[in-house]
Protein chains: 2
Amino acid sequence: MIKNTIRAAQEELKRKGYKLTGPRKAIINYLAESQEHPDMQQIFAGIRAEYPSIGMATLYRTLGLLLELDILRAITVKKNQLRYELKKPGDHHHHLVCTECSQILEFGSCSFKHISSEIETVTRYSIEYHNLEAYGLCPQCQATS
Amino acid sequence: MIKNTIRAAQEELKRKGYKLTGPRKAIINYLAESQEHPDMQQIFAGIRAEYPSIGMATLYRTLGLLLELDILRAITVKKNQLRYELKKPGDHHHHLVCTECSQILEFGSCSFKHISSEIETVTRYSIEYHNLEAYGLCPQCQATS
DNA sequence: AATCTAATTGATAATTTATTTCATTAAGGT
DNA sequence: ACCTTAATGAAATAAATTATCAATTAGATT
Ligand SMILES: [Zn+2]
Ligand SMILES: [Zn+2]
Ligand SMILES: [Zn+2]
Ligand SMILES: [Zn+2]
């Protein structure tokens with residue numbers, strides 16, 4: 001539900017004491033509505049459509065902030081190639097990344113949740129979130145090799 | 001076993017048709033011997049100690065190559081802050097990363113192996129490797145907050 | 001062991017990406 | 001409507017990454 005995702009992100013910003021500004025709203029809206037996993041260039045271009053005055057620095061700052069607040073997730077496709085997605089409340093999934101064409105596919109089963117608390121006990125870390133990416137070849141790239 | 005790690009990495013290079021050059025050997029040696037998870041700057045400084053003529057470009061190229069060959073793993077500590085570790089034959093582990101001080105702790109239990117082949121069946125991807133990082137606060141940073 | 005060939009290297013330049021600065025704007029509280 | 005301060009955007013600056021290319025060298029071939 002896109003509306004919920006947007007609202008959750010906005011509320012989290014306010015809850016932590018940040019202002020809900022035009023640029024931030026535009027970025028959150030764009031991310032919430034994008035079905036793929038866009039990179040920074042795509043996001044920048046996309047935002048400009050409905051918020052033409054936005055500067056690059058603001059986008060850097062905002063993505064950094066959303067990551068810190070754990071509202072946003074970055075997926076490493078290749079070295080220094082990140083793709084982004086807004087976290088949806090109630091959803092938890094991970095990603096398959098094709099090492100050939102960089103296609104991203106989501107999968108819902110998470111095996112980490114079960115061992116998370118045991119790892120917390122053993123290591124004394126307090127775990128806030130986790131990322132899991134599996135890398136390999138997508139069906140198309142398997143065919144053409 | 002450091003010796004084995006070095007040999008495995010070297011053999012993989014040769015097996016794939018790459019030359020075993022001085023710089024590559026130095027980089028592999030450094031990585032194999034480093035117990036922490038160094039970043040590029042640390043690696044560069046460390047290599048220079050025993051291979052002073054190495055250029056930055058070669059380090060970039062070599063790290064990229066080792067990543068491609070799945071000999072090397074990159075751990076995302078923060079946005080655009082990577083740490084590296086050579087994969088050891090017979091070893092498989094994942095990482096806890098402190099979001100405050102960037103300390104990295106390894107943990108051995110991998111929950112993904114069990115579901116990997118099922119995901120391959122369902123998605124038709126062929127999975128070659130995976131990365132899992134859990135983020136949170138290390139014991140020290142929990143104390144000072 | 002000397003020769004050959006193509007991959008690799010290192011210095012530099014060029015490019016791209018990210019951050020800092022700072023005057024201006026605007027969000028949210030009063 | 002006003003005030004305070006966080007946030008923005010443009011530009012400058014800095015940092016990271018990649019491209020270029022002559023010189024070197026690993027590994028194969030005599
Ligand atoms: Zn996703
Ligand atoms: Zn998970
Ligand atoms: Zn490790
Ligand atoms: Zn694993």
Side-chain angles (χ1 to χ4, degrees), chain A residues 6-7 9-30 38-69 71-72 74-84 102, chain B residues 6-7 9-30 38-69 71-72 74-84 102:
Chain A
I6 293 174
R7 188 157 39 75
Q10 292 189 350
E11 278 173 8
E12 184 64 3
L13 270 182
K14 304 210 71 169
R15 207 177 64 74
K16 296 269 179 64
Y18 295 97
K19 290 183 178 175
L20 194 52
T21 66
R24 285 174 181 165
K25 279 194 260 185
I27 291 169
I28 288 172
N29 286 345
Y30 175 83
D39 62 20
M40 180 128 51
Q41 293 308 321
Q42 292 174 295
I43 298 172
F44 190 61
I47 302 294
R48 287 220 130 166
E50 76 166 57
Y51 202 101
S53 74
I54 197 171
M56 185 67 86
T58 299
L59 181 55
Y60 275 106
R61 286 185 286 232
T62 305
L63 292 184
L65 177 62
L66 296 179
L67 285 170
E68 251 185 43
L69 298 185
I71 293 171
L72 185 69
I75 300 148
T76 300
V77 158
K78 283 195 166 58
K79 194 171 184 300
N80 300 318
Q81 267 192 248
L82 299 178
R83 309 278 209 87
Y84 297 93
S102 298
Chain B
I6 293 174
R7 189 157 39 74
Q10 291 188 350
E11 277 173 7
E12 184 64 4
L13 269 182
K14 305 211 71 168
R15 206 178 64 75
K16 296 268 179 63
Y18 295 97
K19 290 183 177 175
L20 196 53
T21 66
R24 284 173 181 166
K25 279 194 261 187
I27 291 169
I28 289 172
N29 287 346
Y30 175 83
D39 63 20
M40 180 127 50
Q41 295 307 322
Q42 290 174 295
I43 298 172
F44 189 62
I47 303 294
R48 288 220 128 165
E50 77 166 56
Y51 201 102
S53 75
I54 198 172
M56 185 66 86
T58 298
L59 181 55
Y60 274 105
R61 284 184 290 233
T62 304
L63 292 184
L65 178 62
L66 297 179
L67 285 171
E68 252 185 42
L69 298 184
I71 294 171
L72 185 67
I75 301 149
T76 300
V77 159
K78 282 195 166 61
K79 193 168 186 301
N80 302 316
Q81 265 192 249
L82 300 177
R83 309 278 211 87
Y84 298 93
S102 297

_Option from A:Ile71, A:Leu72, A:Ile27, A:Leu13 for which side chain to side chain contact (heavy atoms under 4.5 Å, CB included) with A:Leu65 holds_ =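 That would be A:Leu13; it is the only one of A:Ile71, A:Leu72, A:Ile27, A:Leu13 passing the side chain to side chain contact (heavy atoms under 4.5 Å, CB included) with A:Leu65.
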Testing the basics here: between [X] and [Y], what is the closest heavy-atom pair and its distance to 0.1 Å?
X: A:Ala26; Y: A:Ile47; answer: O-CD1, 3.4 Å
X: A:Ala74; Y: A:Leu67; answer: N-CD2, 3.9 Å
X: B:Tyr30; Y: B:Ile43; answer: CE2-CA, 3.6 Å
X: A:Arg24; Y: A:Tyr18; answer: NH1-CB, 3.7 Å

Return the set of residues passing side-chain hydrogen bond (donor to acceptor under 3.5 Å, both in side chains) with [X] (not counting sequence neighbours), or none when no residue passes.
X: A:Tyr84; value: B:Lys79
X: B:Lys19; value: none
X: B:Thr58; value: B:Arg61
X: A:Lys25; value: none

Practice prompt. Just do the side-chain contact (heavy atoms from CB on, under 4.5 Å) check on A:Gln10 and A:Lys14 with the steps written out, would you?
Written response: CA-CA 6 Å; A:Gln10 292 189 350; A:Lys14 304 210 71 169; 5.5 Å; no
Q: Identify, with sequence neighbours excluded, every residue that meets salt bridge (Lys or Arg N to Asp or Glu O under 4.0 Å) alongside B:Lys16.
A: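 Residues passing salt bridge (Lys or Arg N to Asp or Glu O under 4.0 Å) with B:Lys16: B:Glu12.
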*asked:* To the closest 0.5 Å, what do you measure between OH (B:Tyr60) and CG (A:Asn80)?
replied: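 Reported value, rounded in 0.5 Å steps: 8.0 Å.
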Exercise for the section: Please lay out, stage by stage, how A:Val77 and A:Leu82 fare under the test side-chain contact (heavy atoms from CB on, under 4.5 Å). Expected result: CA-CA 6 Å; A:Val77 158; A:Leu82 299 178; over 6 Å; no
Contact list for DNA chain C against [range] - heavy-atom distance below 4.0 Å:
range: residues 57-65 of chain B; value: B:Thr58, B:Arg61
range: residues 10-28 of chain B; value: B:Tyr18, B:Lys19, B:Thr21, B:Pro23, B:Arg24
range: residues 38-52 of chain B; value: B:Tyr51

- Query: Are any side-chain N or O atoms of B:Arg83 and backbone N or O atoms of B:Ser102, one a donor and one an acceptor, separated by less than 3.5 Å?
  - Reply: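 Indeed, once roles are kept as given, a pair shorter than 3.5 Å links the two residues.
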* Asked: Want to settle it: does B:Gly55 or B:Asn80 sit nearer the 5' end of DNA chain C, counting the closest nucleotide to each?
  ->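 Nearest-nucleotide comparison on DNA chain C picks B:Gly55.
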message = Between A:Leu63 and A:Met40, is there a side-chain heavy-atom distance shorter than 4.5 Å?
response =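 Side-chain contact under 4.5 Å: yes.
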Worksheet entry | Angle by which the axis turns from one end of the helix from C:dA1-D:dT30 to C:dT30-D:dA1 to the other, five pairs per end, to 10 degrees |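 Between the first-five-pair axis and the last-five-pair axis there is 50°.
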Q: Scan residues 38-57 of chain B for pairs that pass side-chain hydrogen bond (donor to acceptor under 3.5 Å, both in side chains), counting only residues two or more places apart or in two chains.
A: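 Residue pairs with at least one partner in residues 38-57 of chain B: there are none.
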_Outermost nucleotides of DNA chain C that come under 4.0 Å of a non-hydrogen atom of chain A_ =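 From 5' to 3', the first and last contacting nucleotides are C:dT17 to C:dG28.
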*Nucleotide range of DNA chain D lying under 4.0 Å from chain B heavy atoms*: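 Result: D:dA16 to D:dG27.
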